[in-house]
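Since the structure comes first, as C-alpha coordinates, the remarks are kept for the end.
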Amino acid sequence: MEITTDDPNIDRGKAWIILVSSFFGMFVFGAFMHGTGVYTAAILEHLTTDISKASWVGSTQIAMMHVPGPLCGIITSQLGCGRTTFLAGIIILVGMIGAYLSTSVTGLTLTAGVIAGFGIGLVLNTSNTIVGHYFIKRRVLASAIAMSGSGMGLLVTGVMVQLLTDKYGVQGAYLIQGAFGFNACVLGYLMKPSAIERNKSNRDITAWKSIVQIVIKYRDIVTNVSYMSYLMSFGCLYVAENIAVVHLANYVIYKGSTTYQAASLFTVKGLGSLSGRLLMGVVASDPRIKPEILHTSIMGVLGSIYTVFPVYSDKYGLQLIFALACGLYSGALDSLITPISVDYVGVTNLAYCYGLLALLIGISAVIGPPLAATLVKSGLSYDICFILGGGAFWLGCCLGFGMMLTKPKNNNVDMERRREKEQTQDLELTLSVPGMHDSAIDALTTEETNK
(Lines give C-alpha, C1' and ligand atoms only; values in the text may rest on other atoms or scores of the structure.)
Protein backbone atom coordinates (compact mmCIF):
# COMPACT_ATOMS: atom_id res chain seq x y z
CA MET A 1 0.00 0.00 0.00
CA GLU A 2 1.44 3.35 -1.08
CA ILE A 3 0.39 6.54 0.71
CA THR A 4 -1.50 9.23 -1.22
CA THR A 5 -2.01 12.96 -0.85
CA ASP A 6 -5.75 12.33 -0.27
CA ASP A 7 -4.98 11.62 3.38
CA PRO A 8 -5.50 14.88 5.36
CA ASN A 9 -2.44 14.07 7.49
CA ILE A 10 0.03 13.64 4.63
CA ASP A 11 2.41 16.63 4.38
CA ARG A 12 0.22 18.52 6.83
CA GLY A 13 -1.79 18.22 10.03
CA LYS A 14 -0.65 15.30 12.17
CA ALA A 15 2.42 14.88 9.98
CA TRP A 16 4.10 17.82 11.73
CA ILE A 17 3.59 16.23 15.16
CA ILE A 18 5.14 13.07 13.76
CA LEU A 19 8.08 15.10 12.44
CA VAL A 20 8.70 16.69 15.86
CA SER A 21 8.58 13.23 17.48
CA SER A 22 10.99 11.86 14.90
CA PHE A 23 13.33 14.82 15.41
CA PHE A 24 13.57 14.19 19.15
CA GLY A 25 13.89 10.45 18.55
CA MET A 26 16.97 11.17 16.45
CA PHE A 27 18.10 13.61 19.15
CA VAL A 28 18.08 10.73 21.65
CA PHE A 29 19.98 8.55 19.17
CA GLY A 30 22.59 11.25 18.48
CA ALA A 31 23.16 11.90 22.19
CA PHE A 32 23.94 8.22 22.78
CA MET A 33 25.80 7.54 19.54
CA HIS A 34 28.29 10.37 19.80
CA GLY A 35 28.81 10.28 23.55
CA THR A 36 30.71 7.00 23.25
CA GLY A 37 34.01 8.72 22.43
CA VAL A 38 33.93 10.80 25.61
CA TYR A 39 32.97 7.71 27.61
CA THR A 40 35.95 5.84 26.12
CA ALA A 41 38.36 8.50 27.44
CA ALA A 42 36.61 8.45 30.86
CA ILE A 43 36.75 4.62 31.05
CA LEU A 44 40.48 4.75 30.28
CA GLU A 45 40.91 7.26 33.09
CA HIS A 46 38.78 5.56 35.76
CA LEU A 47 38.40 1.83 35.00
CA THR A 48 41.17 0.47 32.75
CA THR A 49 44.32 1.47 30.87
CA ASP A 50 43.76 -1.04 28.06
CA ILE A 51 42.66 1.00 25.03
CA SER A 52 41.42 -2.07 23.17
CA LYS A 53 39.27 -3.19 26.11
CA ALA A 54 37.89 0.31 26.70
CA SER A 55 36.97 0.79 23.04
CA TRP A 56 34.78 -2.33 23.14
CA VAL A 57 32.21 -0.60 25.37
CA GLY A 58 31.50 2.13 22.81
CA SER A 59 31.92 -0.21 19.85
CA THR A 60 29.46 -2.70 21.31
CA GLN A 61 26.89 0.01 21.97
CA ILE A 62 27.21 1.36 18.42
CA ALA A 63 27.06 -2.19 17.05
CA MET A 64 23.89 -3.00 19.00
CA MET A 65 22.30 0.22 17.76
CA HIS A 66 22.73 -1.12 14.25
CA VAL A 67 23.52 -4.85 13.86
CA PRO A 68 20.01 -5.99 14.95
CA GLY A 69 18.64 -3.58 12.32
CA PRO A 70 16.76 -6.27 10.33
CA LEU A 71 15.17 -7.47 13.58
CA CYS A 72 14.29 -3.86 14.45
CA GLY A 73 12.70 -3.52 11.02
CA ILE A 74 10.56 -6.61 11.61
CA ILE A 75 9.51 -5.42 15.08
CA THR A 76 8.63 -1.98 13.70
CA SER A 77 6.59 -3.43 10.82
CA GLN A 78 4.66 -5.71 13.20
CA LEU A 79 4.12 -3.47 16.24
CA GLY A 80 4.13 -0.09 14.49
CA CYS A 81 6.47 2.82 15.10
CA GLY A 82 4.72 4.17 18.20
CA ARG A 83 4.61 0.94 20.21
CA THR A 84 8.15 0.05 19.19
CA THR A 85 9.48 3.44 20.35
CA PHE A 86 7.65 3.10 23.67
CA LEU A 87 9.23 -0.34 24.16
CA ALA A 88 12.64 1.12 23.26
CA GLY A 89 12.42 3.70 26.05
CA ILE A 90 11.94 0.94 28.62
CA ILE A 91 14.85 -1.11 27.23
CA ILE A 92 17.19 1.91 27.32
CA LEU A 93 16.35 2.63 30.96
CA VAL A 94 16.85 -1.00 32.00
CA GLY A 95 20.24 -1.13 30.24
CA MET A 96 21.48 2.08 31.82
CA ILE A 97 20.36 1.07 35.31
CA GLY A 98 22.40 -2.06 34.75
CA ALA A 99 25.38 0.09 33.71
CA TYR A 100 25.03 2.13 36.91
CA LEU A 101 25.25 -1.07 38.95
CA SER A 102 28.20 -2.45 36.96
CA THR A 103 31.70 -2.27 38.41
CA SER A 104 33.74 -3.58 35.45
CA VAL A 105 34.30 -2.87 31.79
CA THR A 106 32.70 -6.23 30.94
CA GLY A 107 29.56 -5.26 32.84
CA LEU A 108 29.36 -1.92 31.01
CA THR A 109 29.75 -3.72 27.70
CA LEU A 110 26.80 -6.01 28.46
CA THR A 111 24.48 -3.36 29.92
CA ALA A 112 25.22 0.01 28.29
CA GLY A 113 26.53 -1.75 25.19
CA VAL A 114 24.22 -4.68 24.45
CA ILE A 115 20.93 -3.88 26.23
CA ALA A 116 20.74 -0.08 25.94
CA GLY A 117 22.30 -0.20 22.47
CA PHE A 118 19.46 -2.40 21.21
CA GLY A 119 16.86 0.01 22.58
CA ILE A 120 18.54 2.95 20.87
CA GLY A 121 18.57 0.95 17.63
CA LEU A 122 14.79 0.60 17.83
CA VAL A 123 14.44 4.38 18.21
CA LEU A 124 16.69 4.89 15.19
CA ASN A 125 14.56 2.61 13.02
CA THR A 126 11.19 4.05 13.99
CA SER A 127 12.26 7.71 13.84
CA ASN A 128 13.45 7.30 10.26
CA THR A 129 10.64 5.03 9.06
CA ILE A 130 7.63 7.02 10.22
CA VAL A 131 8.67 10.23 8.45
CA GLY A 132 8.52 8.41 5.11
CA HIS A 133 4.98 7.30 5.94
CA TYR A 134 3.66 10.82 6.57
CA PHE A 135 5.36 12.89 3.85
CA ILE A 136 5.33 12.77 0.03
CA LYS A 137 5.92 16.23 -1.49
CA ARG A 138 8.08 17.39 1.43
CA ARG A 139 9.67 14.00 2.12
CA VAL A 140 13.27 15.07 1.45
CA LEU A 141 13.02 18.21 3.58
CA ALA A 142 11.12 16.39 6.35
CA SER A 143 13.72 13.64 6.39
CA ALA A 144 16.48 16.24 6.65
CA ILE A 145 14.74 17.97 9.57
CA ALA A 146 14.27 14.65 11.36
CA MET A 147 17.89 13.68 10.73
CA SER A 148 19.04 17.04 12.09
CA GLY A 149 17.87 15.82 15.49
CA SER A 150 20.90 13.54 15.53
CA GLY A 151 23.10 16.56 14.82
CA MET A 152 21.44 18.41 17.69
CA GLY A 153 22.16 15.47 19.97
CA LEU A 154 25.78 15.55 18.87
CA LEU A 155 25.87 19.30 19.47
CA VAL A 156 25.19 18.96 23.20
CA THR A 157 26.46 15.50 24.05
CA GLY A 158 30.25 16.01 24.13
CA VAL A 159 30.49 18.64 26.88
CA MET A 160 27.41 17.25 28.66
CA VAL A 161 28.89 13.75 29.00
CA GLN A 162 32.25 15.19 30.09
CA LEU A 163 30.55 17.21 32.84
CA LEU A 164 28.52 14.20 33.97
CA THR A 165 31.52 11.86 34.10
CA ASP A 166 33.58 14.44 36.03
CA LYS A 167 30.83 14.99 38.61
CA TYR A 168 29.17 11.57 38.92
CA GLY A 169 31.69 9.14 37.44
CA VAL A 170 31.13 6.83 34.48
CA GLN A 171 28.34 4.81 36.11
CA GLY A 172 26.47 7.88 37.37
CA ALA A 173 26.67 9.50 33.93
CA TYR A 174 25.20 6.35 32.37
CA LEU A 175 22.28 6.40 34.84
CA ILE A 176 21.41 10.04 34.06
CA GLN A 177 21.67 9.37 30.34
CA GLY A 178 19.35 6.38 30.80
CA ALA A 179 16.71 8.66 32.36
CA PHE A 180 17.11 10.93 29.35
CA GLY A 181 16.62 8.00 26.95
CA PHE A 182 13.49 6.92 28.86
CA ASN A 183 11.75 9.92 27.28
CA ALA A 184 11.42 7.78 24.15
CA CYS A 185 8.24 6.44 25.77
CA VAL A 186 6.66 9.89 25.36
CA LEU A 187 7.75 10.05 21.73
CA GLY A 188 6.23 6.63 21.12
CA TYR A 189 2.88 7.87 22.41
CA LEU A 190 2.98 10.77 19.93
CA MET A 191 3.78 8.51 16.94
CA LYS A 192 0.23 7.63 15.91
CA PRO A 193 -0.17 4.78 13.36
CA SER A 194 0.14 5.82 9.72
CA ALA A 195 -2.11 4.65 6.86
CA ILE A 196 0.48 2.02 5.99
CA GLU A 197 0.55 0.71 9.57
CA ARG A 198 -3.25 0.68 9.78
CA ASN A 199 -3.39 -1.45 6.64
CA LYS A 200 -3.93 -4.94 8.06
CA SER A 201 -2.39 -6.61 5.01
CA ASN A 202 0.99 -5.52 6.34
CA ARG A 203 0.48 -7.83 9.35
CA ASP A 204 -0.99 -11.08 8.06
CA ILE A 205 -3.23 -13.55 9.86
CA THR A 206 -0.80 -16.45 10.00
CA ALA A 207 2.75 -16.54 11.24
CA TRP A 208 3.70 -18.61 8.18
CA LYS A 209 2.51 -16.01 5.69
CA SER A 210 4.10 -13.22 7.72
CA ILE A 211 7.49 -14.96 7.65
CA VAL A 212 7.18 -15.56 3.90
CA GLN A 213 6.43 -11.89 3.27
CA ILE A 214 9.35 -10.73 5.43
CA VAL A 215 11.75 -13.06 3.62
CA ILE A 216 10.50 -11.84 0.24
CA LYS A 217 10.85 -8.18 1.20
CA TYR A 218 14.45 -8.67 2.30
CA ARG A 219 15.17 -10.75 -0.80
CA ASP A 220 13.79 -7.98 -3.02
CA ILE A 221 16.15 -5.49 -1.40
CA VAL A 222 19.22 -7.73 -1.31
CA THR A 223 18.86 -8.72 -4.98
CA ASN A 224 18.67 -5.05 -5.99
CA VAL A 225 22.30 -4.67 -7.09
CA SER A 226 22.29 -0.87 -7.27
CA TYR A 227 20.75 -0.47 -3.83
CA MET A 228 23.13 -3.02 -2.34
CA SER A 229 26.00 -0.93 -3.71
CA TYR A 230 24.53 2.01 -1.82
CA LEU A 231 24.23 -0.05 1.37
CA MET A 232 27.86 -1.16 1.13
CA SER A 233 28.95 2.42 0.46
CA PHE A 234 27.10 3.54 3.56
CA GLY A 235 28.78 0.79 5.54
CA CYS A 236 32.17 2.20 4.48
CA LEU A 237 31.05 5.63 5.64
CA TYR A 238 30.41 4.32 9.11
CA VAL A 239 33.65 2.36 9.34
CA ALA A 240 35.33 5.78 9.31
CA GLU A 241 32.62 7.53 11.33
CA ASN A 242 32.73 4.95 14.11
CA ILE A 243 36.52 5.21 14.29
CA ALA A 244 36.13 8.95 14.85
CA VAL A 245 33.28 8.54 17.33
CA VAL A 246 35.25 6.11 19.51
CA HIS A 247 38.82 7.38 19.10
CA LEU A 248 38.70 11.11 18.25
CA ALA A 249 38.58 12.36 21.85
CA ASN A 250 41.42 10.16 23.04
CA TYR A 251 43.40 10.84 19.85
CA VAL A 252 43.44 14.62 20.28
CA ILE A 253 44.25 14.23 24.01
CA TYR A 254 47.21 12.13 22.86
CA LYS A 255 48.13 15.05 20.57
CA GLY A 256 48.15 17.47 23.51
CA SER A 257 44.58 18.78 23.83
CA THR A 258 42.73 18.92 27.16
CA THR A 259 39.73 16.72 27.95
CA TYR A 260 37.32 19.65 27.53
CA GLN A 261 38.91 20.65 24.23
CA ALA A 262 38.42 17.06 23.09
CA ALA A 263 34.78 17.11 24.20
CA SER A 264 34.20 20.43 22.44
CA LEU A 265 35.07 18.81 19.10
CA PHE A 266 31.84 16.82 19.32
CA THR A 267 29.91 20.03 19.96
CA VAL A 268 31.43 21.62 16.85
CA LYS A 269 30.85 18.44 14.87
CA GLY A 270 27.22 18.54 16.01
CA LEU A 271 26.87 22.11 14.75
CA GLY A 272 28.25 21.03 11.39
CA SER A 273 26.03 17.95 11.29
CA LEU A 274 22.92 19.97 12.08
CA SER A 275 23.76 22.48 9.35
CA GLY A 276 24.67 19.78 6.82
CA ARG A 277 21.42 17.87 7.30
CA LEU A 278 19.25 20.97 6.89
CA LEU A 279 21.20 22.34 3.92
CA MET A 280 21.10 18.98 2.17
CA GLY A 281 17.35 18.83 2.74
CA VAL A 282 17.00 22.05 0.76
CA VAL A 283 19.50 21.09 -1.96
CA ALA A 284 18.18 17.54 -2.50
CA SER A 285 14.60 18.85 -2.78
CA ASP A 286 15.51 20.11 -6.25
CA PRO A 287 14.38 17.31 -8.63
CA ARG A 288 17.18 18.22 -11.08
CA ILE A 289 19.83 17.12 -8.55
CA LYS A 290 20.29 13.36 -8.19
CA PRO A 291 20.78 12.22 -4.55
CA GLU A 292 23.14 9.41 -5.61
CA ILE A 293 25.50 11.92 -7.27
CA LEU A 294 25.58 13.99 -4.09
CA HIS A 295 26.27 10.88 -2.00
CA THR A 296 29.20 9.74 -4.16
CA SER A 297 30.78 13.20 -4.36
CA ILE A 298 30.62 13.79 -0.62
CA MET A 299 32.19 10.39 0.09
CA GLY A 300 35.22 11.48 -1.96
CA VAL A 301 35.46 14.80 -0.10
CA LEU A 302 35.37 13.06 3.28
CA GLY A 303 38.04 10.62 2.12
CA SER A 304 40.36 13.55 1.46
CA ILE A 305 39.59 15.23 4.80
CA TYR A 306 40.28 12.10 6.84
CA THR A 307 43.43 11.12 4.96
CA VAL A 308 45.22 14.45 5.56
CA PHE A 309 43.95 15.02 9.14
CA PRO A 310 47.03 13.50 10.86
CA VAL A 311 49.21 16.18 9.19
CA TYR A 312 47.59 19.03 11.18
CA SER A 313 45.97 17.15 14.09
CA ASP A 314 48.27 18.66 16.74
CA LYS A 315 46.68 22.13 16.52
CA TYR A 316 43.37 22.69 18.34
CA GLY A 317 42.07 25.27 15.86
CA LEU A 318 42.60 22.86 12.96
CA GLN A 319 40.98 20.07 14.98
CA LEU A 320 37.89 22.27 15.22
CA ILE A 321 37.87 22.76 11.43
CA PHE A 322 38.17 19.00 10.94
CA ALA A 323 35.26 18.33 13.30
CA LEU A 324 33.10 20.99 11.64
CA ALA A 325 33.80 19.68 8.12
CA CYS A 326 33.19 16.05 9.12
CA GLY A 327 29.90 16.94 10.78
CA LEU A 328 28.78 19.03 7.82
CA TYR A 329 29.42 16.39 5.16
CA SER A 330 28.49 13.25 7.11
CA GLY A 331 25.28 14.91 8.26
CA ALA A 332 24.44 15.74 4.65
CA LEU A 333 24.86 12.06 3.73
CA ASP A 334 22.37 10.99 6.41
CA SER A 335 19.73 13.31 4.93
CA LEU A 336 19.96 11.41 1.64
CA ILE A 337 19.04 8.01 3.09
CA THR A 338 15.26 8.31 2.79
CA PRO A 339 15.08 9.83 -0.72
CA ILE A 340 17.57 7.29 -2.11
CA SER A 341 15.83 4.36 -0.38
CA VAL A 342 12.35 5.40 -1.55
CA ASP A 343 13.65 5.89 -5.11
CA TYR A 344 15.31 2.48 -5.21
CA VAL A 345 12.98 0.19 -3.21
CA GLY A 346 9.75 2.04 -2.35
CA VAL A 347 8.25 3.70 0.73
CA THR A 348 6.54 0.56 2.08
CA ASN A 349 9.95 -1.08 2.53
CA LEU A 350 11.56 1.76 4.49
CA ALA A 351 11.60 -0.13 7.81
CA TYR A 352 13.40 -3.03 6.15
CA CYS A 353 15.82 -0.70 4.34
CA TYR A 354 16.75 1.03 7.58
CA GLY A 355 17.14 -2.39 9.15
CA LEU A 356 19.73 -3.43 6.57
CA LEU A 357 21.47 -0.06 6.74
CA ALA A 358 21.67 -0.37 10.49
CA LEU A 359 23.07 -3.91 10.18
CA LEU A 360 25.92 -2.69 7.99
CA ILE A 361 26.61 0.27 10.26
CA GLY A 362 26.75 -2.09 13.22
CA ILE A 363 29.16 -4.40 11.43
CA SER A 364 31.32 -1.40 10.66
CA ALA A 365 31.31 -0.52 14.38
CA VAL A 366 32.62 -3.98 15.18
CA ILE A 367 35.28 -3.73 12.47
CA GLY A 368 36.47 -0.11 12.54
CA PRO A 369 37.25 1.02 16.12
CA PRO A 370 38.61 -2.32 17.42
CA LEU A 371 40.76 -2.74 14.29
CA ALA A 372 42.17 0.76 14.71
CA ALA A 373 42.81 0.11 18.44
CA THR A 374 44.55 -3.19 17.63
CA LEU A 375 46.82 -1.49 15.09
CA VAL A 376 47.75 1.21 17.61
CA LYS A 377 48.32 -1.40 20.31
CA SER A 378 50.62 -3.32 17.93
CA GLY A 379 52.97 -0.32 17.81
CA LEU A 380 51.71 1.76 14.88
CA SER A 381 51.12 5.49 15.25
CA TYR A 382 47.69 6.66 16.44
CA ASP A 383 47.51 8.44 13.07
CA ILE A 384 46.64 5.10 11.46
CA CYS A 385 43.07 5.46 12.77
CA PHE A 386 42.25 8.33 10.43
CA ILE A 387 44.30 7.04 7.51
CA LEU A 388 42.23 3.85 7.77
CA GLY A 389 39.07 5.97 7.88
CA GLY A 390 40.10 7.87 4.76
CA GLY A 391 40.61 4.61 2.90
CA ALA A 392 37.12 3.47 3.90
CA PHE A 393 35.63 6.68 2.46
CA TRP A 394 37.44 6.21 -0.85
CA LEU A 395 36.13 2.65 -1.11
CA GLY A 396 32.63 3.97 -0.39
CA CYS A 397 33.06 6.54 -3.15
CA CYS A 398 33.87 3.77 -5.64
CA LEU A 399 30.79 1.83 -4.53
CA GLY A 400 28.73 4.98 -5.04
CA PHE A 401 29.84 5.03 -8.67
CA GLY A 402 28.78 1.39 -8.87
CA MET A 403 25.34 2.32 -7.56
CA MET A 404 24.86 4.90 -10.30
CA LEU A 405 26.18 2.65 -13.08
CA THR A 406 23.93 -0.28 -12.18
CA LYS A 407 20.71 1.63 -11.53
CA PRO A 408 18.04 0.43 -14.02
CA LYS A 409 15.37 2.69 -15.43
CA ASN A 410 12.02 2.62 -13.60
CA ASN A 411 13.76 0.72 -10.82
CA ASN A 412 10.98 1.17 -8.28
CA VAL A 413 8.25 0.26 -10.78
CA ASP A 414 10.06 -2.91 -11.84
CA MET A 415 10.41 -3.96 -8.25
CA GLU A 416 6.71 -3.44 -7.56
CA ARG A 417 5.76 -5.58 -10.58
CA ARG A 418 8.09 -8.36 -9.44
CA ARG A 419 6.62 -8.19 -5.94
CA GLU A 420 3.07 -8.60 -7.30
CA LYS A 421 4.13 -11.72 -9.21
CA GLU A 422 5.86 -13.19 -6.16
CA GLN A 423 2.89 -12.44 -3.90
CA THR A 424 0.72 -14.53 -6.22
CA GLN A 425 3.21 -17.37 -5.98
CA ASP A 426 3.28 -16.97 -2.19
CA LEU A 427 -0.51 -17.27 -2.06
CA GLU A 428 -0.37 -20.57 -3.93
CA LEU A 429 2.36 -21.82 -1.60
CA THR A 430 0.47 -20.70 1.50
CA LEU A 431 -2.75 -22.38 0.37
CA SER A 432 -0.85 -25.64 -0.04
CA VAL A 433 0.40 -25.65 3.57
CA PRO A 434 -1.45 -28.31 5.64
CA GLY A 435 -3.49 -27.08 8.57
CA MET A 436 -4.44 -23.69 7.13
CA HIS A 437 -7.79 -22.56 8.50
CA ASP A 438 -10.57 -21.73 6.08
CA SER A 439 -10.82 -18.20 7.48
CA ALA A 440 -7.15 -17.57 6.76
CA ILE A 441 -7.53 -18.91 3.22
CA ASP A 442 -10.55 -16.69 2.61
CA ALA A 443 -8.76 -13.65 3.96
CA LEU A 444 -5.69 -14.22 1.84
CA THR A 445 -7.75 -14.87 -1.26
CA THR A 446 -9.75 -11.67 -0.68
CA GLU A 447 -6.53 -9.70 -0.23
CA GLU A 448 -5.09 -10.91 -3.53
CA THR A 449 -8.41 -10.31 -5.33
CA ASN A 450 -8.51 -6.71 -4.10
CA LYS A 451 -4.94 -6.18 -5.29
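Put simply, the side chain of T307 never gets that close to the backbone of S304: no donor and acceptor are under 3.5 Å apart. Remark: side-chain polar atoms of T258 are paired, donor with acceptor, to backbone N or O of Q261 under 3.5 angstrom. Without hydrogens or angle criteria, T84 side chain to G80 main chain gives a donor-acceptor distance under 3.5 Å. Proximity of a side-chain donor or acceptor of Q61 to a complementary backbone N or O of A112 within less than 3.5 Å is detected.
In this structure, S313 and Y251 have side chains that are in contact, with non-hydrogen atoms separated by less than 4.5 Å. Residues I340 and H295 are in side-chain contact: their nearest non-hydrogen atoms beyond the backbone lie under 4.5 Å apart. With a 4.5 Å cut-off on side-chain heavy atoms, T223 and Y218 do not count as touching. Residues F386 and L248 meet the side-chain proximity criterion, which asks for heavy atoms closer than 4.5 Å. Annotation: side chain of Y316 is not in contact with side chain of V252 (no heavy-atom distance under 4.5 Å). Contact check for N183 versus F27: no side-chain heavy atoms found under the 4.5 Å cut-off. Using a 4.5 Å heavy-atom cutoff, the side chains of C326 and F309 are not in contact. Two residues are said to be in side-chain contact when any heavy atoms from C-beta on lie closer than 4.5 Å; F23 and V20 fail this criterion.
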Before giving the answer on side-chain hydrogen bond (donor to acceptor under 3.5 Å, both in side chains), spell out for Y227 and S341 the whole-Å C-alpha distance, their side-chain angles and the decisive distance to 0.1 Å. CA-CA 8 Å; Y227 190 69; S341 297; 2.7 Å; yes
Residue pair V345, D220: steps toward the side-chain contact (heavy atoms from CB on, under 4.5 Å) verdict: CA-CA 8 Å; V345 295; D220 282 342; over 6 Å; no
Set out, in order, the CA-CA distance, both residues' side-chain angles and the distance that settles side-chain hydrogen bond (donor to acceptor under 3.5 Å, both in side chains) for S226 and N224, then state yes or no. CA-CA 6 Å; S226 54; N224 186 327; 2.9 Å; yes
Could you go through the side-chain contact (heavy atoms from CB on, under 4.5 Å) check for L237 and F393 one step at a time?
CA-CA 6 Å; L237 159 66; F393 275 122; 3.1 Å; yes
Does L19 form a side-chain contact (heavy atoms from CB on, under 4.5 Å) with Y134? I'd like the steps, not just the answer. CA-CA 9 Å; L19 181 58; Y134 274 92; over 6 Å; no
| task | Test Q177 against Y100 for side-chain hydrogen bond (donor to acceptor under 3.5 Å, both in side chains), laying out the working first. | result | CA-CA 10 Å; Q177 198 173 24; Y100 173 70; over 6 Å; no
Under the side-chain hydrogen bond (donor to acceptor under 3.5 Å, both in side chains) rule, what do D166 and Y260 come out as? Steps first, then yes or no, please. CA-CA 11 Å; D166 285 347; Y260 277 93; 2.7 Å; yes
Legend entry - Trace of the ring pair (Phe, Tyr, Trp, His ring centres under 6.0 Å) decision for Y306 with F322: CA-CA 8 Å; Y306 266 65; F322 169 79; 5.4 Å; yes
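Residues in residues 85-99 take part in these side chain to side chain donor-acceptor pair (under 3.5 Å) pairs, two or more places apart or across chains: T85-T126. Every pair passing salt bridge (charged side-chain N to carboxylate O under 4.0 Å, His left out) that includes a residue from residues 291-306 is listed here, sequence neighbours excluded: E292-K407. Listed by first and then second residue, the side chain to side chain donor-acceptor pair (under 3.5 Å) pairs that reach into residues 317-328 are S257-Q319, sequence neighbours excluded. The stretch residues 353-362 participates, sequence neighbours left out, in no salt bridge (charged side-chain N to carboxylate O under 4.0 Å, His left out) pair at all.
Nearest heavy-atom pair, A262 versus A249, reported as atom, atom and distance to 0.1 Å: CB-O, 3.6 Å. The two atoms that bring L399 and C236 nearest to each other are CD1-SG, 3.9 Å, heavy atoms only. Of all heavy-atom pairs spanning V170 and A42, the tightest one is CG2-CB, 3.9 Å. The minimum heavy-atom distance linking V123 with A184 is given by the pair CG2-CB, 4.1 Å. Taking both residues in full, the closest heavy atoms of P291 and L336 are given as O-CD1, 3.7 Å, listed atom of the first, atom of the second, then distance. Between I221 and L356, the shortest heavy-atom contact is CG2-CD1, 3.4 Å.
For I97, the side-chain contact (heavy atoms from CB on, under 4.5 Å) test picks out L93, L101, L175, with sequence neighbours left out. Shown here are the salt bridge (Lys or Arg N to Asp or Glu O under 4.0 Å) partners of K315, two or more places apart in sequence or in another chain: there are none. Shown here are the side-chain hydrogen bond (donor to acceptor under 3.5 Å, both in side chains) partners of S335, two or more places apart in sequence or in another chain: there are none. Residues forming a side-chain contact (heavy atoms from CB on, under 4.5 Å) with I289 (at least two apart in sequence, or on another chain): V283, D286, L294. Take I115 and apply the side-chain contact (heavy atoms from CB on, under 4.5 Å) test, not counting sequence neighbours, and it matches I91. In this structure, the side-chain hydrogen bond (donor to acceptor under 3.5 Å, both in side chains) partners of Y382, at least two apart in sequence or on a different chain, are H247, N250. Here D383 pairs with K255 under the salt bridge (Lys or Arg N to Asp or Glu O under 4.0 Å) rule; sequence neighbours left out. Applying the side-chain contact (heavy atoms from CB on, under 4.5 Å) criterion to Y189, with sequence neighbours excluded, gives K192.
Expressed to the nearest 0.5 Å, how far SG of C81 lies from CG of L122 amounts to 11.0 Å. For the atom pair OG (S22) and CG (L187), the distance works out to 9.0 Å, reported to the nearest 0.5 Å. S148 OG to D334 CG: the interatomic distance, rounded to the nearest 0.5 Å, is 11.0 Å. Note: F29 CZ to S150 OG = 5.5 Å, rounded to the nearest 0.5 Å. Interatomic distance, SG of C353 versus OH of Y344, reported as 12.5 Å (0.5 Å rounding). With rounding to the nearest 0.5 Å, the separation of NZ in K290 from OG in S297 is 14.5 Å.
Within a 6.0 Å sphere centred on OH of Y312, other residues, nucleotides and ligands contribute more than 12 heavy atoms. Within 6.0 Å of CZ on F118 lie more than 12 heavy atoms contributed by other residues, nucleotides or ligands. Shown here is M404, whose CE atom has more than 12 heavy atoms of other residues, nucleotides or ligands within 6.0 Å.
Exactly one of I130, N128, N125 qualifies for a side-chain contact (heavy atoms from CB on, under 4.5 Å) with T76. That residue is N125.
Between F32 and F180, the two ring planes are parallel [angle under 30°; tilted spans 30° to 60°].
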